[in-house]
Amino acid sequence: MTLKTWLIYRWKQICAACVLGCSVIMTGNVVGWSVEVSRIMEDPNTSFNFTQDDHQWLVSCGGIAAIFSTAGAGMLVELVGPCRLLGFMLVPAAIGWILMATTLSLPWIYVGRIITSAIGFMITTVAQPVIAEMCLPDVRGLLSSLTEIMVSVGMLLVYILARFLSWQTTTLICGVILFPLVTAILFVPESPYWLLRRGKEKMALRSLLRLRAPEHDVDSELSNIREAITQSQNHSITQQFQSLRETANYRPVLLVTSIFLLRELGGAMNIFMYAVFFFENAGVMLDPFSCSVLLGVSRLIFTIISAFIIDKVGRRPLLLTSTLVCALTLYITGGVLTMEDQGIGWLPLTCVLVYVASFGMGVGPVPWILLGELLPTPVRSIGASIVTSAFAIVLFIVTNVFPDVALSIGVENACLIFASFQLMLALVVFLFVPETRGRTLEDLQQAFVGSEVLTPFSQSLSVRQGYTPAYGSTFPSTSQEKVR
């Protein structure tokens, strides 16, 4: 298939995924804004007392807010719908940024930080599964990577603005850029999976017609989605919780949760959110804010590269290789810092840049893609909430204690601990994570139970009797006339 033909058949879902993916720039702004906390401490015009404890709490308090917002995301998705929820949430998020930029009171900065963090992580929880639901298997890896790309863009934007503008101006820009996204999301069709769960079959059909090429067999795809939902009959949050007792549902939720927990214990967020602190204590001679920009550029470039190769290479090889490289670079960084040789101050920066590049290739984007692919349709909303809530809890803990731990045992020993968790993640990926490339969500729904269980060492998955892959059809749908 040529690029022109590919674009003709996929441009609708590409546009929808791009709009939803752009909403996650908010999460990148939240993570990147942590460098501005150092700016607030250095600002001679600050009218309030700002201590080191305030520094740690202002960076980490977003994790507390995210625990509650991500836990409630599943219920809100089922009530409102994922696309509409994303549009609604961006408005108070923009107000939170503007509040932080214009206030002269430290308590109100905390309030704005909590609002923006809570909504930012909720947006990531909602956006990733709905993008997976909208995309066909041959482009799902590329388009699902958009969320991690936009997180990288949001971080880099704040890093660059922090280098040249005041913290108030940077914060204000983070809020203003959200308003065009609110308008754009209004034109994105709602998830057909959610519409069918709500019994709105005709609207689900219209949604698919807006997402697919005219030649696509929408009837077949709609039938397969309906079958996957009917098998579980779990339309309410209570029923989804009850469905978690089934082996096919709790196994993938536990697996994806463990991946996220080990990912965060591997130190990535500490480096991104305490970039200035990290480089100052690592003895790097270059300006810490310039180092932050280099981190942002490295992560963005390699996340984009990952997006274009993930549907060819596969999720599992990228994640496994990336994890091993991250562990190696952290071990080298810890070893170099232990030597305390001022003549090789460039080496820690080089190792961290390689770590960030490898993170962008696999450890960063792939877990979020697996969140949308491995969580079964019967528990996708509540499962995503469970995974991201556990992620938020660990995020709060590691970002809150990192400065004290680093000062107590040294940055070098902290790097060695992070590297060990990366190796544990590599072991989990090697033993338990299956390859999801090219498989429909309906197939993956049966990937962890019975005779159809899909393991890393068995790449075949039984196909249901009479199943016709909707994405493989070249026959036009007869339903286009029905909904007119």
Looking only at heavy atoms, what is the nearest atom pair of [X] and [Y], with distance?
X    : Y    : answer
P129 : A384 : CG-CB, 4.0 Å
V293 : Y159 : CG2-O, 3.6 Å
L181 : S23  : CD1-CA, 3.9 Å
S34  : V59  : OG-CG1, 3.8 Å
R316 : F430 : NH2-O, 2.6 Å
A426 : T323 : N-CG2, 3.4 Å

Just by distance, do the side chain of [X] and the backbone of [Y] share a donor-acceptor pair under 3.5 Å?
X    : Y    : value
T329 : C326 : yes
T103 : I109 : no
S144 : G141 : no
S358 : V354 : no
N413 : I409 : yes
W194 : P82  : no
S385 : T70  : yes
T171 : A101 : no
T102 : I98  : yes

Review point. Who are the salt bridge (charged side-chain N to carboxylate O under 4.0 Å, His left out) partners of D311, not counting sequence neighbours?
Key: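 Counting only residues at least two positions away or on another chain, D311 forms a salt bridge (charged side-chain N to carboxylate O under 4.0 Å, His left out) with R315.
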Review point. T170 and E36: side-chain donor and acceptor closer than 3.5 Å?
Key: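 Result is yes, a qualifying pair exists.
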Practice item. Consider only side-chain N and O atoms of T169 and S166, and report whether a donor and an acceptor are under 3.5 Å apart. Key: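 The answer is yes; a qualifying pair exists.
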Approximate separation, where rounding is to 0.5 Å, of [X] [atom1] and [Y] [atom2]:
X    : Y    : atom1 : atom2 : answer
C174 : L161 : SG    : CG    : 7.0 Å
F432 : L427 : CZ    : CG    : 7.5 Å
L300 : S152 : CG    : OG    : 5.5 Å
I305 : L318 : CD1   : CG    : 11.0 Å
L156 : L295 : CG    : CG    : 10.0 Å
I114 : S69  : CD1   : OG    : 11.0 Å

Are the side chains of [X] and [Y] in touch, meaning some heavy atoms are under 4.5 Å apart?
X    : Y    : answer
L255 : V428 : yes
P317 : E435 : yes
L58  : Y110 : yes
L178 : W97  : yes
S420 : Y331 : yes
I185 : L90  : yes
L375 : N249 : no
C18  : L146 : yes

**Study point:** Those residues that, when tested against W167, pass side-chain hydrogen bond (donor to acceptor under 3.5 Å, both in side chains) (two or more places apart)
**Key:**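 Only D43 meet the side-chain hydrogen bond (donor to acceptor under 3.5 Å, both in side chains) criterion with W167.
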Review point. What pairs meet the side-chain hydrogen bond (donor to acceptor under 3.5 Å, both in side chains) rule with one or both residues in residues 125-137, with sequence neighbours excluded?
Key: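 Pairs touching residues 125-137 that pass the test: T125-T388, Q128-T147, E133-S191, E133-R380.
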Exercise for review: Kindly confirm or rule out a cation-pi arrangement of R299 over F359, judged by NZ or CZ under 6.0 Å from the six-membered ring centre and within 45° of its axis?
Suggested key: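 Not flagged: R299 not positioned over aromatic ring of F359.
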Quick one: side chains of residues 261-271, donor-acceptor pairs under 3.5 Å with protein atoms, not counting sequence neighbours, listed by atom name and distance.
from : atom 1 : to   : atom 2 : distance (Å)
R263 : NE     : V363 : O      : 2.8
R263 : NH2    : G364 : O      : 3.3

Exercise for review: Report the C-alpha separation of M134 and L20 in whole Å, then their side-chain angles, then the decisive distance to 0.1 Å, and conclude whether the side chain to side chain contact (heavy atoms under 4.5 Å, CB included) test is met.
Suggested key: CA-CA 11 Å; M134 289 183 172; L20 296 177; 3.8 Å; yes
Check your understanding: With sequence neighbours left out, which residue pairs that include part of residues 363-384 fulfil the ring-ring contact (aromatic ring centres under 6.0 Å, His included) condition?
Key ->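 Only F260-W368, W368-F391 qualify under ring-ring contact (aromatic ring centres under 6.0 Å, His included).
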Check your understanding: Yes or no on side chain to side chain contact (heavy atoms under 4.5 Å, CB included) for V356 and F302, after CA distance, side-chain angles and deciding distance?
Key -> CA-CA 9 Å; V356 171; F302 284 90; over 6 Å; no
Listed pairs under 3.5 Å, donor-acceptor, residues 24-32 side chains, sequence neighbours left out:
from : atom 1 : to   : atom 2 : distance (Å)
T27  : OG1    : G120 : O      : 2.7
T27  : OG1    : T124 : OG1    : 2.7
N29  : ND2    : G154 : O      : 3.1

Exercise for review: Might you work through the side chain to side chain contact (heavy atoms under 4.5 Å, CB included) test for I14 and L143, ending with a clear yes or no?
Suggested key: CA-CA 7 Å; I14 292 173; L143 297 182; 4.1 Å; yes
Check your understanding: Which is it for I309 and M361 under the side chain to side chain contact (heavy atoms under 4.5 Å, CB included) test, yes or no, and what are the steps along the way?
Key -> CA-CA 9 Å; I309 67 174; M361 284 290 290; 3.6 Å; yes
Check your understanding: Hey, is R439 close enough to E373 for a salt bridge, meaning N to O under 4.0 Å?
Key ->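 E373 and R439: not salt-bridged.
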Check your understanding: Does a sphere of radius 6.0 Å around CZ in F179 hold more than 12 heavy atoms from other residues, nucleotides or ligands, not counting ones at 6.0 Å or beyond?
Key ->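 Correct, the count exceeds 12.
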